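Below is one structure, written out as structure tokens, with a few remarks after it.
Naming convention: chains lettered A, B, ... in sequence-line order (proteins, then strands); numbering from 1 in each chain. Predicted, not measured: the structure shown is a model, and the values here were computed from it.
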Amino acid sequence: MNCNSLRPEDVGREIVLMGWVQRRRDHGGLIFVDLRDREGITQVVFDPRIGRQGHERAGALRSEYVIAVKGNTRFRPEGMTNPKLPTGEIEVAATELRILNSSKTPPFQVEDDVDASENIRLKYRYIDLRRPKLFNNLVARHKVAQMTRAYFNDLGFIEVETPVLTRSTPEGARDYLVPSRVNTGKFFALPQSPQLFKQILMVAGFERYYQIVKCFRDEDLRADRQPEFTQLDLEMSFISEEEIFSMIEGWIVKIFSGLKGVSPRPPFPRMTYGEAMDRYGADRPDTRFGLLLTEVTDVVAQSEFRVFRQAIERGGIVKALRVPGGKDLSRKELDDLIEFVKIFGAQGMAWIKIQADGWQSPIAKFLSPDVQQGLIDRLGIETGDVILFVADQRKIVNDSLGNLRGRLGRQLGLIDPDAFNFVWVTDFPLLEWDSNEKRYTSVHHPFTSPFESDMDLLETQPEKVRSRAYDLVLNGIEIGGGSIRIHQQEIQRRVFQALGISAEEAREKFGFLLEALQFGAPPHGGIAFGLDRLVMLLCGCSSIRDVIAFPKTQKATCLMTNAPSEADVNQLLELCLKVEGDRNK
RNA sequence: GGGGUGGUAGUUAAGUUGGUUAUAACGCCGGCCUGUCACGCCGGAGGCCGAGGGUUCAAGUCCCUUCCACCCCGCCA
């Protein structure tokens, strides 16, 4: 029996309900209380003619008091039903009331449409979590976890827990460190992912492993990034990309059908990394709308416009974004877009409005008729368009126009809010040049298998080597990524070498993996999903904080517990640790 | 490390060019009310305007410093 279970057929039953006082409406002679529990709301009437004691006590009720009510279910009087409530046709006429606990006046009301600021919501998270929206988000998360376990259990996967106290590995994100008391001066690291352990489990012959697991990365936070987050992590032996894709698609179908009643139809579209970067300016393309990027470097190379020419001479490129109907963008709006691309390193942005009576643009006079015709042919320009250009190094052009594309998609209302567009992104490069560290680093991670056909390039043109890595992208957000791994020690050795990781360092940091690869490691691969992000998208939220029970603030603190806190002197002594200096001072 | 938005009553917000006693809504407290469901009506309390410093006859408002929340860049294999 809960506050959402009584219906007309229950009329006449004597029942007991317990819950929280959502609202009290005191009419003097008659008191109404909306009684709330996690399931819903039932109206309770305290009528002195029915329960004198209950009516007297009900006068003391306040918001969020916890009560138990005994009473009889009855129809509401003619015309007094409340169609907004599933229980709106009935009410409970209270005969007895027990106040199980009182409550201070809550800092904000327990309603979905209260817009309390996030800091107060986080401080009083237990009140925030009473709101149906947030509660239901966590229920959805629970269901996803349960459906996930059921799905992979049925496919023969074994859930294995891997250590939370493990060792720091180079590459990747900053580690959270945990000092070891027993081993003075040594530290555990919290795992950024169970990557190495799941590969070792494949060597151990588990064949199919999965885990719903916390991962930790000590990096700056975003709306979709928390220092501790949850992955669905899985790995399989004797597996191909195709098998992984279809298995994951089946999982997505199960979750979407189970939670939303509808599901995208597999197989999901695929796109190479190269195509995604070329046309979407990002490795996580949002395919819910058009506005694709087009490279026009060759078309404008001979133009008189110095900005284009210089960018190209310096090895850069020029890309254009054709915005149909964009001529209505005001000068102010275009200036805002220019400011926007500067965030991503662009020096500026050129624009052309295609008016019926000609091209209106600060740069039109630099574009010869030949160049203009070239642009018309390349971009399929039509009257009413606005064309936006960025010329710079390839990365800056893609970053700025890719993000500009997203902004315009939202601003111009091109995005169907109900759409769930999945796309597999494949054929990532294995390595990328890190100009800070002056060496190649892994695009995915150092254990990702290169394309066998590209292996010869590993020592000669490392940036040309493609990897057997793949991401699953939903609505422009990366929700999962994985790869077929290296299972042969010799290839692993060559990849480490390409990464500039010395043999000694590899032995010291990953020796156990290298050794394991020598003991009959099967070919294997897997994938990991950001469960928080997936649930966030399923719940229509814009931050993973809304699907995490107790999230951290952007400064990586918990406003409810005030973690992190200073350590007790004795704790530090035991650990032989001393805090020196303050980076913030 | 950097850019941006915000911080005024318990909550959410308004506050003009620096000028009398800092507003409103919701919430809260008291009273009245037997059919409300965002109940209604009457009355009331509630403020170190994030904190610190400065300019000024005068600061919520201008300047500087700083703290907090959020969005973003860098960072996040």
Side-chain angles (χ1 to χ4, degrees), chain A residues 22-35 41-50 55 62-64 76-85 87-88 91 93 104-111 113-124 127 169-175 192-193 195-196 215-227 229 339-346 396 399-400 403 406-407 428 430-432 434 436-437 440-448 467 469 478 481 483 495 499 501 528 530 542-543 545 552-555 557 559 583-585:
Chain A
Q22 175 71 21
R23 203 181 293 279
R24 179 188 60 127
R25 291 179 294 280
D26 188 344
H27 289 238
L30 205 58
I31 297 173
F32 297 93
V33 164
D34 290 338
L35 189 61
I41 284 179
T42 297
Q43 173 167 284
V44 178
V45 193
F46 293 95
D47 184 332
R49 295 169 307 190
I50 290 171
H55 180 262
R62 296 293 183 270
S63 290
E64 301 307 311
R76 295 188 181 195
E78 192 72 30
M80 299 299 164
T81 60
N82 184 349
K84 284 184 243 171
L85 293 178
T87 60
E91 63 191 3
K104 288 172 70 175
T105 301
F108 52 90
Q109 284 162 273
V110 180
E111 283 173 12
D113 51 0
V114 297
D115 47 350
S117 66
E118 198 154 353
N119 55 350
I120 199 110
R121 289 175 47 202
L122 289 172
K123 179 174 178 185
Y124 299 98
I127 296 173
T169 51
E171 311 286 303
R174 198 176 289 114
D175 287 316
Q192 299 171 28
S193 84
Q195 180 62 33
L196 295 176
C215 302
F216 306 87
R217 293 177 191 178
D218 187 6
E219 297 292 346
D220 287 347
L221 288 78
R222 291 282 189 283
D224 61 354
R225 274 162 39 185
Q226 285 270 306
F229 61 101
E339 286 310 304
F340 181 75
V341 296
K342 286 180 180 173
I343 294 171
F344 305 95
I396 289 176
D399 275 355
S400 51
N403 281 289
R407 171 175 167 152
F428 282 81
L430 184 72
L431 306 166
E432 66 189 342
D434 184 324
N436 291 328
E437 294 198 33
Y440 285 99
T441 57
S442 296
V443 169
H444 193 56
H445 59 52
F447 319 108
T448 300
S467 74
E478 181 201 326
S483 62
V495 169
L499 288 167
I501 298 174
S542 48
S543 166
R545 290 188 302 277
K552 307 265 187 298
T553 68
Q554 196 161 48
K555 276 200 69 192
T557 67
L559 295 181
R583 206 163 32 80
N584 298 317
K585 282 178 187 163

Nucleotides 7-10 of chain B: which of its N/O atoms have a protein N/O under 3.5 Å away?
| from | atom 1 | to | atom 2 | distance (Å) |
| --- | --- | --- | --- | --- |
| B/G10 | O2' | A/Pro107 | O | 3.4 |

Is there any protein nitrogen or oxygen under 3.5 Å from a nitrogen or oxygen in nucleotides 38-43 of chain B, and what are the pairs?
| from | atom 1 | to | atom 2 | distance (Å) |
| --- | --- | --- | --- | --- |
| B/A38 | OP1 | A/Lys84 | NZ | 3.4 |
| B/A38 | OP2 | A/Lys84 | NZ | 2.9 |
| B/C39 | OP1 | A/Arg23 | NH1 | 3.4 |
| B/C39 | OP2 | A/Arg23 | NE | 2.8 |
| B/C39 | OP2 | A/Arg25 | NH1 | 3.4 |
| B/C39 | N3 | A/His27 | NE2 | 3.4 |
| B/C39 | N4 | A/Asp26 | O | 2.5 |

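Between B/C71, B/C76, B/G74, one nucleotide has an atom nearer to the side chain of A/Asp399 than all others, and that is B/G74. Each of B/U12, B/C70, B/C75 was ranked by its minimum atom distance to the side chain of A/Arg545; first place goes to B/C70. The listed nucleotides are B/A69, B/C76, B/U34; the one nearest the side chain of A/Arg217 is B/C76. Closest to the side chain of A/Glu219, from the set B/C76, B/C37, B/C68, is B/C76.
Pairing each heavy atom of A/Glu64 with each of A/Pro106, the nearest pair is CG-CG, 3.8 Å. A/Thr81 approaches A/Arg76 most closely through the heavy-atom pair CA-CD, 4.0 Å. Across A/Gly28 and A/Asp26, no two heavy atoms sit closer than the pair N-OD1, 2.8 Å.
With rounding to whole Å, A/Gln226 atom CD is found 16 Å from B/C75 atom C1'. Going from atom CG of A/Asp224 over to atom P of B/C71 covers 9 Å, rounded to whole Å. Nucleotide B/C37 holds its C1' atom 12 Å from the CG atom of A/Leu30, rounded to whole Å. Spacing between atom CZ of A/Phe340 and atom P of B/G3 amounts to 18 Å, rounded to whole angstrom units. One can place CD1 of A/Ile343 at 12 Å from P of B/U5, the figure rounded to the nearest angstrom. Put simply, NE2 on A/His55 is 12 Å from P on B/G35, counting in whole angstrom units. Distance CZ (A/Arg174) to P (B/G1): 11 Å, rounded to an integer number of Å. The separation between A/Leu559 atom CG and B/G50 atom P is 19 Å, rounded to whole Å.
Side chain of A/Arg174 to backbone of A/Asp218: a donor-acceptor contact under 3.5 angstrom is found. Checking side-chain atoms of A/Arg24 against main-chain N and O of A/Val33 turns up no donor-acceptor pair under 3.5 Å. In this structure a side-chain-to-backbone donor-acceptor pair under 3.5 Å is missing from A/Glu118 to A/Thr553. In terms of modelled atom types and a separation under 3.5 Å, the side chain of A/Ser467 and the main chain of A/Phe428 share a donor-acceptor contact. Judged purely by atom type and a 3.5 angstrom limit, A/Gln226 has no side-chain atom pairing as donor or acceptor with the backbone of A/Arg545.
At a threshold of 4.0 angstrom between heavy atoms, the contacts of A/Arg49 include nucleobase atoms, whether or not backbone atoms are also involved. Using a 4.0 Å heavy-atom cutoff across all strands shown, A/Ser400 reaches no nucleic acid atom at all. Across all strands, A/Gln554 comes closer than 4.0 Å to base atoms (heavy-atom distances). Within 4.0 Å (heavy atoms only), A/Phe344 reaches sugar-phosphate atoms of the nucleic acid but no base atom. A/Thr448 comes within 4.0 angstrom of no nucleic acid atom, judged by non-hydrogen atoms across all strands. Counting any heavy atom pair closer than 4.0 Å across all strands shown, A/Ser442 reaches sugar-phosphate atoms only and no base atom.
Remark: A/Glu111 engages A/Arg23 in a salt bridge, criterion side-chain N to carboxylate O under 4.0 Å. Salt bridge present: A/Asp47 and A/Arg49 bring a charged side-chain N and a carboxylate O closer than 4.0 Å.
Taking atom C1' on both nucleotides, B/A9 is separated from B/U65 by 27 Å, rounded to a whole Å. Taking atom C1' on both nucleotides, B/C49 is separated from B/U12 by 15 Å, rounded to a whole Å. The C1' atoms of B/C76 and B/A38 are separated by 44 Å, rounded to the nearest whole Å. Remark: the separation of the C1' atoms in B/A13 and B/G6 is 12 Å, to the nearest Å. Taking atom P on both nucleotides, B/G7 is separated from B/A51 by 13 Å, rounded to a whole Å. On the P atoms, B/G46 is 26 Å away from B/C39, given to the nearest whole Å. Spacing of P atoms, B/U61 relative to B/U8, comes out at 14 Å, to the nearest Å. To the nearest whole angstrom, the two C1' atoms, one in B/G47 and one in B/G10, are 12 Å apart.
A heavy-atom distance below 4.5 Å is not found between the side chains of A/Val44 and A/Phe32.
Between A/His445 and A/Phe447, the ring planes lie tilted relative to each other; the angle falls in the 30° to 60° range.
Between the side chain of A/Arg225 and the base of B/C75, at least one donor-acceptor pair of N or O atoms lies under 3.5 Å. Interface remark: the A/Glu91 side chain does form a donor-acceptor pair with the B/G35 base, using a distance-only criterion of under 3.5 Å.
Base pairing of B/A45 is not made with any nucleotide, judged by Watson-Crick or G-U wobble geometry with both donor-acceptor distances under 3.5 Å. With a cut-off of 3.5 Å on both pairing distances, B/C39 has no Watson-Crick or G-U wobble partner at all. Searching all strands for a Watson-Crick or G-U wobble partner of B/C62 with both distances below 3.5 Å returns B/G54. For B/U16, there is no paired nucleotide, since no Watson-Crick or G-U wobble pair has both relevant distances below 3.5 Å.
Close to B/C68, at under 4.0 Å from its OP1 or OP2, lies a side-chain N or O of A/Lys555. The side chain of A/Arg121 contributes no N or O atom lying less than 4.0 Å from OP1 or OP2 of B/C70. Look at A/Ser117 and you won't find any side-chain N or O under 4.0 angstrom from OP1 or OP2 of B/A13.
Nearest-nucleotide positions on RNA chain B for A/Leu221 and A/Gly88 put A/Gly88 closer to the 5' end. Position along RNA chain B of the nearest nucleotide to A/Gly79 versus A/Asn403 favours A/Gly79 as the more 5'-ward residue.
Inspection of the A/Gln43 and A/Arg25 side chains reveals an N or O donor paired with an N or O acceptor under 3.5 Å.
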